Amino acid sequence: MDSTLQILEKQFTINPKDVDFRCTLKVSSLINYYIEAAWNHAEALNLGFSHLTPLGLAWVLTRLKFIIHSVPTWPGELVLETWPKGMDRIQYIRDADIKDGNNKAVASITSTWMIIDAKSKRPKVHLKDEELLYRLKDKHAVNETIPALSFSGEPESVTTYTVRYSDVDMNHHLTTLRYLEFMFDTYSEAFILKNQPKEITVNFLREVMFGSRLEMKRFISDNYHGFELLNADTGTVSFRGEIVY
């Protein structure tokens, strides 16, 4: 691994497709920038798609937390810095800071990832002793452990979806962005106009395939909004998320 690449800096231009009807950056667009940067950095560190695929391995994002400091608008520019932050057992940790073109803080992100066997889907540990992965273990964008989410009681609302062509990636799985968009799709236009998320935490639990029938349950307790995505075909929970307003 090239030690000069321990932090990746990447610039993004906010395009009209990345914003909502308020001309503010959508959360899903923000995370899309982050995933693109993480993907590129993994490639630069010889741990990317092109390196793992011949070994029968693949990356999966397992947990994600981001704190929103300000909301960029279109037109605008963003600068994202991301770095690996070591491991916690079989989880690889990665953080990121995002600022706008005026150096104003936009978001702080922490995330956990696993490397899995592409066929068995079982976790694999790869290059766990690589020193570069740990060099920035004390550099924190978010100095927290991402919690396992759970919700109790009756949901405040249930929204149904069927996974279609535009929802899936090259592996026929529901894309990361669609999980986030499904949460926000449960809200009315009036609610979105009056409320801005402060923190978002998500747990990716099981893959969702093309054609799956889903139910997004929403739980509300004061300014904490919990979400649970149930696969109606299998009866299993595929995703949990929490938005703090």
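Remember, predicted model here, so these are calculated numbers, not experimental data.
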Within the distance-only criterion (no hydrogens, no angle test), does the side chain of D100 pair as donor or acceptor with the backbone N or O of K104 below 3.5 angstrom?
-> yes
Sidechain N-carboxylate O distance under 4.0 Å for [X], [Y]:
| X | Y | answer |
| --- | --- | --- |
| D167 | R178 | yes |
| D95 | K85 | yes |
| R22 | D20 | yes |
| E228 | R218 | no |

Considering all heavy atoms of both residues, which atom of S111 and which atom of I146 are nearest to each other, and what is their separation?
-> CA-CD1, 3.8 Å
Grouping ILVMFWY residues whenever side-chain heavy atoms fall under 4.5 Å, the cluster of W39 otherwise contains F49, M170
Answer yes or no: are there more than 12 heavy-atom neighbours, outside Y165 itself, under 6.0 Å from its atom OH?
-> no
Heavy-atom neighbours of H172 NE2 exceed 12 at 6.0 Å | no
Would you mind telling me which of N231, T234, D233 makes a side-chain hydrogen bond (donor to acceptor under 3.5 Å, both in side chains) with R213?
-> D233
Walk me through it: do Y161 and D185 pass the test side-chain contact (heavy atoms from CB on, under 4.5 Å)?
-> CA-CA 10 Å; Y161 300 95; D185 283 348; 3.3 Å; yes
Transitively linked via ILVMFWY side-chain contacts under 4.5 Å: [X] with [Y]?
| X | Y | answer |
| --- | --- | --- |
| I93 | V142 | no |
| L30 | F184 | yes |
| L25 | V27 | yes |
| L214 | V168 | yes |

Give the intermediate values and the outcome of ring-ring contact (aromatic ring centres under 6.0 Å, His included) for residues F227 and F219.
-> CA-CA 6 Å; F227 296 85; F219 305 82; 8.7 Å; no
Yes or no on side-chain contact (heavy atoms from CB on, under 4.5 Å) for I192 and F21, after CA distance, side-chain angles and deciding distance?
-> CA-CA 10 Å; I192 291 173; F21 48 76; 3.8 Å; yes
side-chain hydrogen bond (donor to acceptor under 3.5 Å, both in side chains) between E43 and S50: does it pass, once the steps are laid out?
-> CA-CA 7 Å; E43 283 290 326; S50 66; 2.7 Å; yes
Specify whether Y187 and H225 have parallel, tilted or perpendicular ring planes, treating 30° as the upper limit for parallel and 60° as the lower limit for perpendicular.
-> tilted
Once the angle between the rings of Y34 and W113 is folded into 0 to 90°, is it parallel (under 30°), tilted (30 to 60°) or perpendicular (over 60°)?
-> tilted
In this structure, CD1 of I109 is separated from OH of Y33 (nearest 0.5 Å) by 12.0 Å
